[in-house]
2 protein chains.
Amino acid sequence: MDQHRQSETHQRRSIGARKNPNTEAAILDAALKLLLAKGGKGLSMDAVAREAKAGKATIYRWWPTRGALLLGVYARIKGAHVHADTGCIETDIAAFFEHVFEFWQKDAGRVFALIIAEAQSDLDVAEALAAYRSERINDWMTVFERAKERGELRDTVDCKLAADTIIATAWHHLLTNRLDVKGSDLARTLAYGVVKS
Amino acid sequence: MDQHRQSETHQRRSIGARKNPNTEAAILDAALKLLLAKGGKGLSMDAVAREAKAGKATIYRWWPTRGALLLGVYARIKGAHVHADTGCIETDIAAFFEHVFEFWQKDAGRVFALIIAEAQSDLDVAEALAAYRSERINDWMTVFERAKERGELRDTVDCKLAADTIIATAWHHLLTNRLDVKGSDLARTLAYGVVKS
DNA sequence: TACCTAACGAGACGAACCGTTCATATACAA
DNA sequence: TTGTATATGAACGGTTCGTCTCGTTAGGTA
């Protein structure tokens, strides 16, 4: 019968007046799969709907733009940021680069790079990215202020600018596809600068 | 008559077996105009063709992808890079940031940001951007090596990494829409790092 | 229980965009 | 003058976009 046909092809259906977590998972999985298989331009709403066997209205309901979908994918695969506290700011920075570059070398890097790209032409993504970036800056500011309190840093250091430079370096290596550098080299440059004492 | 109709609506036509410079100018102007008026997503090949009153085949012949068109627009409005040589690396860096941020605050910044974005999903643009970036890195490496020779820098400084950090900082401020910072503040952080002597 | 509301898959719809094809117009060479 | 090569613009089929409708499912509420 007709009412059985769809149940035979695939089972996922409405589970009532609430979001179906299976549907959400299927859509985000499909988006990530397409993204990795066909690159950023392979991620179209139509293709995701086909791949996930979902209705387009369902996708647009939860992720109204392509950028929102990208943010959803990244949130799904992202773990919590943990900052090492080795008592030495240089090794803290080095550990951060090693950790984030390794994480980005799996699928997450391509997703995050596309989010930065999308932010250049989608104001909502830009705002979400700015908020996320602000959190990361604050994380690093506390690390720097801790280091300053224990007398490791020069008193004139602007902690916010220092934090910003670290994030800038990380993003830059992601965007230019150079995630294979040694974190310790980057850390040395950022910790000591260039000018002789 | 039919063969006169098109000549009446607009005059630009083939000038034989060579590129029509008027057409090139009209297309690049149209692309820039759309880009500034409607943002990155307003720049479609169709819209450019309409705005420039040109055939799409003409556009695709000279700029086979959207990214190539972006590169063409940027090349058209970009001036030559000149590096100050004040004898002090910190003020050289500060002058660079002031100069490039001012340049980017006019239309060029939006164009270059979109090129970086496009490079995340277009391999050709990524290669062109890498080549361009490589030139800028080399510029800065010579500046740093000059400073090292006159004894201004620590001997252990990696000039390439230092150059990379400057470009990273500039890009980051562009991508996060913060071109209104003081170049001297950025220069101080990059020149002296954070760690006490 | 009976009704209301909301999520879901499917796909139709017009608009816009993509990349290509084709016919024509022009310059240059033989 | 005639032939060839290239630039140019209009048109075409296919894809994507974002919205909408439809029938179905199931939780929440009275």
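Within every chain, numbering begins at 1; the chains are lettered A, B, ... in the order of the sequence lines, protein sequences first and strands thereafter. Fair warning: this is a prediction, and the values are worked out from it, not measured in the lab.
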OP1 or OP2 of D:dT8 versus the side-chain N and O atoms of B:W62: is any pair under 4.0 Å? yes
Closest to the A:R13 side chain, choosing from D:dT25, C:dC28, D:dG9: D:dT25
Shortest non-hydrogen contact between B:L174 and B:R110, atoms and distance: O-NH1, 4.4 Å
Taken to the nearest whole Å, CD1/A:I59 to C1'/D:dC17 is 12 Å
Do the ring planes of B:F96 and B:H83 sit parallel (below 30°), tilted (30 to 60°) or perpendicular (above 60°)? parallel
The correct set of residues in residues 39-46 of chain A placing a heavy atom under 4.0 Å from DNA chain C is none
Rounded distance [0.5 Å steps], CG in B:D164 versus OG1 in A:T176: 6.5 Å
Partners of B:H81 by side chain to side chain donor-acceptor pair (under 3.5 Å), sequence neighbours excluded? B:Y132
Applying side-chain contact (heavy atoms from CB on, under 4.5 Å) to A:K196 and not counting sequence neighbours gives B:R154
Among residues two or more places apart or on two chains, list those pairs meeting ring-ring contact (aromatic ring centres under 6.0 Å, His included) that have a residue in residues 24-66 of chain A. none
B:I15 CD1 to D:dA5 C1', in whole Å, measures 14 Å
When you measure from the side-chain N and O atoms of A:R12 to the phosphate of C:dG9, is any distance below 4.0 Å, counting only OP1 and OP2? yes
Between C1' of D:dT19 and CZ of A:R61, the distance in whole Å: 12 Å
If you look at every strand shown and take non-hydrogen atoms under 4.0 Å, does B:A49 touch a base, only sugar-phosphate, or nothing? nothing
Do any side-chain nitrogens or oxygens of B:T58 fall under 4.0 Å of OP1 or OP2 in D:dG9? yes
Determine, for A:D124 against A:R66, whether the closest basic-nitrogen to carboxylate-oxygen distance falls under 4.0 angstrom. no
Do A:K56 side-chain and C:dG9 base share a donor-acceptor contact under 3.5 Å? no
Specify the residues of residues 120-127 of chain A, ordered by number, for which at least one heavy atom lies under 4.0 angstrom from an atom of DNA chain C. none
Holding to side chain to side chain donor-acceptor pair (under 3.5 Å), I want the full list of residues that pass it with A:T91, two or more places apart in sequence or in another chain. A:T86
With sequence neighbours left out, the residues meeting side-chain contact (heavy atoms from CB on, under 4.5 Å) with A:H99 are none
By the definition side chain to side chain donor-acceptor pair (under 3.5 Å), identify the one residue from B:N22, B:T58, B:T23, B:N20 that meets it with B:R12. B:T23
Of all of residues 65-75 of chain A, which get a heavy atom below 4.0 angstrom from DNA chain C, listed by number? none
Between B:K19 (NZ) and D:dA5 (C1'), how many Å, whole number? 17 Å
Can you name the residues that form a ring pair (Phe, Tyr, Trp, His ring centres under 6.0 Å) with A:W104, not counting sequence neighbours? A:F112
Contacts of type side-chain contact (heavy atoms from CB on, under 4.5 Å), residue B:A47, not counting sequence neighbours: B:L34, B:S44, B:R50
Residues which pass salt bridge (Lys or Arg N to Asp or Glu O under 4.0 Å) with B:D85, listed by chain and number, not counting sequence neighbours: B:R146
Side-chain ion pair, B:D107 and B:K33, N-O less than 4.0 Å: no
Members of residues 20-30 of chain A that approach DNA chain C, where some heavy atom sits under 4.0 Å away: A:N20, A:T23
Between P on C:dA7 and OH on A:Y60, what's the gap in Å once rounded to a whole number? 18 Å
